[in-house]
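A short write-up of the structure that comes next.
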Number of protein chains: 2
Amino acid sequence: MTVRQQPAKEHRRTRQRAAVDEVLDETEDFISAQELHSLLRARGAGVGLATVYRTLQTLADDGRVDVLRSDAGEAVYRRCVREEHHHHLVCRSCGATVEIAGPTVERWAKSVADQHGYADVSHTLEIFGTCPRCRA
Amino acid sequence: MTVRQQPAKEHRRTRQRAAVDEVLDETEDFISAQELHSLLRARGAGVGLATVYRTLQTLADDGRVDVLRSDAGEAVYRRCVREEHHHHLVCRSCGATVEIAGPTVERWAKSVADQHGYADVSHTLEIFGTCPRCRA
DNA sequence: TCAAGACTGACAACCATTGTCAAAACGTCT
DNA sequence: AGACGTTTTGACAATGGTTGTCAGTCTTGA
Ligand SMILES: [Zn+2]
Ligand SMILES: [Zn+2]
Ligand SMILES: [Zn+2]
Ligand SMILES: [Zn+2]
């Protein structure tokens, strides 16, 4: 049988999605749906809030953007350079993000889960700190 | 799990706090404030929802319970056996939790942060999967 | 061009969490 | 025990992020 990594669903190209895409491409830091919505409105290319949420949701599902939760529990999104699985080193005060790959950690997580009989394993790993620039 | 060390403040002993404490002691899995509230109500020892939230918040601040966010973004709490810093292997469907220590990961996180000049480092790391019992 | 159906957006609905504040409970001192 | 200053409680309102609704609009492939 043919195995396909991503069922690559067809999505229609619309002005709204292009607009969201553009903002994501220009934004280095993690951004919330609400912030993205405001940016779009300010920029003239208005897009409905629900649409922003749906678009980000879809992008996340397709693995085209990374999602994590801010301290406030709000979902924040970011278009990363790496396509493959990775993690982040995020500045607590300015949001500056460094993409991190940790093969060792990946193996460790998998092995720990296996040891306890847990299947369908996933994990979250983020590192927070204060970046050089934010330290005067 | 983010590490936190705060000077333990004095708190009055009340029936409500004792009830919450009791449930936490009897519960192995991560539990949400809402679930805890329902449990208390079902058990007869009713406690106001706001009080449950406040109590859990306080316990978390004092480092007496661990907090993390479920897939739905809901905060879930657990009284862990280990006092020291650790992580969790959590069942996505029933919440069954295994406490994990990963010295290697800790060092790795620190070194990665150092390499990029990030100071005051902390990290979050949780592993999710489906436990043996939930796979029938 | 045309129809099928995917997409959009204004708005309502949801729901976890927090704010409010008067009444009740605590701990302490007499 | 009784009084008293402080903390805690809880019913309810309010907040705020996120999702649901659904009629109208836009894409796409034929
Ligand atoms: Zn990323
Ligand atoms: Zn910074
Ligand atoms: Zn724990
Ligand atoms: Zn399970």
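Chain naming here is simple, since letters A, B, ... match the order of the sequence lines and numbering starts at 1 in each. Please read all numbers here as calculations on a predicted model, not as lab measurements.
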*Find the distance B:L56:CG to C:dA16:C1' and express it as a whole number of Å.*
13 Å
*When only distance counts, do a donor and an acceptor, one from the side chain of B:R54 and one from the base of D:dG10, lie under 3.5 Å apart?*
yes
*For B:R13 and C:dA24, give me the distance from atom CZ to atom P, rounded to whole Å.*
23 Å
*For B:Q34 and C:dC14, give me the distance from atom CD to atom C1', rounded to whole Å.*
12 Å
*Under the ring-ring contact (aromatic ring centres under 6.0 Å, His included) criterion, do B:H88 and A:H123 qualify, and how do the steps go?*
CA-CA 10 Å; B:H88 310 96; A:H123 62 269; over 10 Å; no
*asked:* Please compare B:T14 and A:R15 by the position of their nearest nucleotide in DNA chain D and report the one closer to 5'.
replied: B:T14
*d(CZ, B:R69; C1', D:dT18) in whole Å*: 14 Å
*Do any side-chain nitrogens or oxygens of A:Q57 fall under 4.0 Å of OP1 or OP2 in D:dT19?*
yes
*Identify, between B:Q16 and B:A33, the residue whose nearest nucleotide on DNA chain C lies closer to the 5' end.*
B:A33
*Rounded distance in Å - CZ (B:R17) to C1' (D:dT8)*: 6 Å
*Atom OH of A:Y53 to atom C1' of C:dC14: distance rounded to whole Å?*
13 Å
*Is it the case that more than 12 heavy atoms not belonging to A:R64 sit under 6.0 Å from its CZ atom?*
no
